[in-house]
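Read the structure below first, then the notes.
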Amino acid sequence: MGHFFVTTPIFYVNDVPHIGHAYTTVTADALARWHRLAGDEVFFLTGTDEYGLKIQRAAEDNGRTPQEHADITSARFRETWDLLQITNDDYIRTTEERHRLTVQKLLQRVYDNGFIYSDTYEGPYCVPCEAYYTEAELNDGLCPIHDRPVEEMKEANYFFKLSEFEQPLIDWYEANPEAVGPDVRRNEALGIITQGLRDISITRSSLDWGVPVPWDDDHVFYVWYDALINYATAAGFGSDDDRFAEWWPHVHHLLAKDILRFHCVYWPAMLMAAGLEPPKALSVHGYLQVGGAKMSKTTANQIFPAELVDEFGVDGFRYHFLRDNSFGPDGDFSHEGMLERFNADLANNFGNLVSRVTTVVDKKCDGIGPAPRPDSPLASVAAEVVRDSAAAWEAISPSRALEHTWRLLRETNAFLEANVPWKADPGPEVDAVLGDALEVVRLACILASPAIPNATQAAWERIGLSGQVTDQRIADDAVWGLYPAGLTVAKGDPLFPRLK
RNA sequence: GGCGGCGUAGCUCAGUUGGUGAGAGUGCUCGACUCAUAAUCGAGAGGUCGUCGGUUCGAGUCCGACCGCCGCUACCA
């Protein structure tokens, strides 16, 4: 039994939740649910990032205070996660008091350790990026990211001595080859480091929407620096030492590739500077593209979770994003693909299997479920599937885990065809076959519950089991033969009606 | 320019340290079945494993070159 601390990035309240945010969050949720099944102590954190010039200006444009603006957008993220039945244990907002205290405490330590110094900075500044550029980085005087004019800014800044962490970071990467994955991202991060790190500006004096620098009232921390620290805040840094000791550094960060630099370079360095351990693991995934193009506000091709939930349901939504794209490379979202996957896996396989099994039990066993055979031909398949699915979840490969789980469903459909219990007269032969099939349904409910929590609970109840699927434990319950004889099995409407 | 990655059936992808005839799911065709959500089961068609060359008894799997795509990074403008 271990500790599994999983995080999504905190999402910037300048944006509203779309399927890209949901992709990361649903994955984190499924992993959290899996680890709970595995018997681990789980702490699942998500939240919102609320400081910075962009927020301050967006708020002004809307005639609100920055806090009001953040409150509104943060609530939209929270509502979306509620809709998707995300089981986060905490929801952190960077404007909370607990976060201010932790940021100040942690960065004061970095300051005391001598890794922060004051200097003036002058140069072209892009407001949307909230970053300075060198003249060389500009394209015809425009921001290379946003392709818009930059502003000449000059201010006294505090700088973090990132340059001093070049070698420590390289040493850390070499000592922890599994820390950043997949390999392509690890190489990328290592490349950034080995090409040389410059000190970075971490404060702003030109705005006040941020966490105040404890040793200098005229400054607030640059939004990215306070944001990363949310992970430490929620783990109890500076407020609950016992709790922090329990959860740190057993943290597993999930993130998209655009924020790799911050998470895989700056964050470990900042932790080292504070005398803390870098994260245990950082899993970087790609973008969900739409029709091969990056999803963005400017191209207006964003897709929002609620629209898809209306059509496919919560389970259909979750399943698609977990199963259809392997976690790592860019994936392509298409409505046709989602429909195809829904019908093939959820309607035709999972849902239909539950329907046919419950119907035949109703007809041949008077609706009373018989027991499975200890030596069923499906027993060894089930054991393999449990093993393979577990390994895939551990390896942060939800799509593979579900692929393995679905193998059990396919084999059971073939098993039923081979034994045709619907043609035989009631008796021990039929009972044996149906008992085996019911046992598969029980096991599949456990294994698939991280992805499709509602349908698995419903199926669980249809085959007469009580309690919650989520209360099951892999080691004790995902074992062949535990479905008890004598339960009332109920037919019901299709769990996943086919969609057109 | 440097570093890294990718290119395998229509589609999405698996293919450990090179070794029986190259796989899965999905889609398509045909057949079976009818308990079930026009679901399921079986069979089949479909790939010169980006191209060329090399190492080897033997390469999708190693080496080199090239083509195409992508990521990070640098520089010139």
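Throughout, a chain's letter reflects where its sequence line sits, starting with A, and its residues are numbered from 1. All values reported here derive from a predicted model rather than from experimental measurement.
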| field | Sole candidate of A/Val180, A/Val265, A/Ile193, A/Leu260 that passes side-chain contact (heavy atoms from CB on, under 4.5 Å) when paired with A/Glu188 | value | A/Leu260
| query | What's the CZ-P distance between A/Phe350 and B/U40, to the nearest Å? | reply | 15 Å
| query | So does A/Arg407 get a side-chain nitrogen or oxygen closer than 4.0 Å to the phosphate oxygens (OP1/OP2) of B/A24? | reply | no
| remark: Whole-Å distance, A/Tyr173 OH to B/C3 P, equals 20 Å
| said: Looking at B/C52, which nucleotide sits across from it as a Watson-Crick or G-U wobble partner, both distances under 3.5 angstrom, or is there none? | reply: B/G64
| request: For A/Gln195 and B/C75, give me the distance from atom CD to atom P, rounded to whole Å. | output: 10 Å
| said: Pick the closest RNA chain B nucleotide for A/Asp345 and for A/Val360 by heavy atoms, then say which residue is nearer the 5' end. | reply: A/Asp345
| field | Residues which pass side-chain contact (heavy atoms from CB on, under 4.5 Å) with A/Ala179, listed by chain and number, not counting sequence neighbours | value | A/Trp172, A/Asn176
| query | Would you call A/Arg318 and A/Asp29 a salt bridge, taking side-chain N to carboxylate O under 4.0 Å as the test? | reply | yes
| Does A/Asn187 or A/Val357 map to a spot on RNA chain B nearer the 5' end, using the closest nucleotide for each? | A/Asn187
| message | Just to be sure I understand the rule, does A/Ala347 reach a base, reach only the sugar-phosphate, or reach nothing, if contact means heavy atoms closer than 4.0 Å? | response | base
| Got a donor-acceptor contact below 3.5 angstrom from the A/Asp40 side chain to the A/Gly2 backbone? | yes
| request: Could you measure between the two P atoms, the one in B/G25 and the one in B/C69, and give it in whole Å? | output: 33 Å
| Inter-nucleotide C1' distance (B/U55, B/G64), Å rounded | 11 Å
| request: For A/Arg186 and B/G4, give me the distance from atom CZ to atom C1', rounded to whole Å. | output: 12 Å
| request: Answer yes or no: is there a donor N or O on one side and an acceptor on the other, between the side chain of A/Trp460 and the main chain of A/Arg442, under 3.5 Å? | output: no
| said: From C-beta outward on A/Ile192, which listed nucleotide comes closest to its side chain: B/U37, B/C41, B/U73? | reply: B/U73
| said: Within the 4.0 Å heavy-atom criterion, would you say A/Leu495 contacts the bases, only the backbone, or no part of the nucleic acid? | reply: base
| request: Take atom CE of A/Met338 and atom C1' of B/G27, then tell me their distance rounded to the nearest Å. | output: 19 Å
| task | Test for a donor-acceptor pair under 3.5 Å between the base of B/C35 and the side chain of A/Glu417, counting only N and O atoms. | result | yes
| request: Is it possible for you to check whether A/Arg204 lies under 6.0 Å from the centre of the six-membered ring of A/Tyr222, through NZ or CZ, and within 45° of that ring's axis? | output: yes
| request: For B/G42 versus B/U51, give the span between their C1' atoms, rounded off to a whole number of Å. | output: 39 Å
| query | Watson-Crick or G-U wobble partner for B/U26, using a 3.5 Å limit on both distances? | reply | B/G10
| message | Starting the side chain at C-beta, find the nucleotide from B/A24, B/G4, B/U37 nearest to A/Glu403. | response | B/A24
| If the P atom of B/U26 is compared with that of B/U40, how far apart are they to the nearest Å? | 8 Å
| request: Using the P atom as the reference point in each nucleotide, state the distance between B/A24 and B/G47 in Å, no decimals. | output: 15 Å
| message | Both distances below 3.5 Å, Watson-Crick or wobble geometry, any strand: find the nucleotide opposite B/C35. | response | none
| remark: When both distances are under 3.5 Å in a Watson-Crick or G-U wobble arrangement, the nucleotide paired with B/C72 is B/G2
| said: Using whole Å, what does the distance between atom P of nucleotide B/G25 and atom NE2 of A/His404 come to? | reply: 13 Å
| field | Rounded distance (nearest 0.5 Å) linking atom CG of A/Leu487 with atom CG of A/Leu438 | value | 9.0 Å
| query | Is the phosphate of B/U73, meaning OP1 or OP2, less than 4.0 Å from a side-chain N or O of A/Arg261? | reply | yes
| remark: Considering only heavy side-chain atoms of A/Ser355, the closest of B/U37, B/U40, B/G71 is B/U37
| query | How would you label the contact of A/Gly351 with the nucleic acid (heavy atoms, under 4.0 Å): base, sugar-phosphate, or nothing? | reply | base
| Roughly how far apart, to the nearest Å, are B/U8 and B/U61 at atom C1'? | 12 Å
| message | Please confirm whether the shortest side-chain N or O distance from A/Arg400 to OP1 or OP2 of B/G15 is below 4.0 Å. | response | yes
| Whole-Å distance between B/A36 P and A/Arg356 CZ? | 10 Å
| For B/G46, the Watson-Crick or wobble partner whose two distances fall under 3.5 Å | none
| At under 4.0 Å between heavy atoms, what does A/Lys423 touch on the DNA or RNA strands: base, sugar-phosphate, or nothing? | sugar-phosphate
| query | Reckon A/Lys491 has a side-chain N or O less than 4.0 Å from the OP1 or OP2 of B/A36? | reply | no
| message | Of the options B/G5, B/G71, B/C41, whose atoms approach the side-chain atoms of A/Val184 most closely? | response | B/G5
| said: Is A/Asn343 close enough to B/A39 that one of its side-chain N or O atoms is under 4.0 Å from OP1 or OP2 there? | reply: no
| If pairing requires Watson-Crick or G-U wobble contacts with both distances under 3.5 Å, which nucleotide is the partner of B/G18? | none
| query | Taking atom P in both B/C63 and B/C72, what distance in whole Å separates the two? | reply | 26 Å
| query | Can you tell me how far C1' of B/C28 sits from CD of A/Glu340, to the nearest Å? | reply | 12 Å
| P spacing across the pair B/G4 / B/A65, given as an integer number of angstrom | 12 Å
| query | Do A/Arg356 and A/Glu417 meet the salt-bridge criterion of a basic N to acidic O distance under 4.0 Å? | reply | yes
| message | Please classify the nucleic acid contact of A/Asn352 as base, sugar-phosphate, or nothing, using heavy-atom distances under 4.0 Å. | response | base
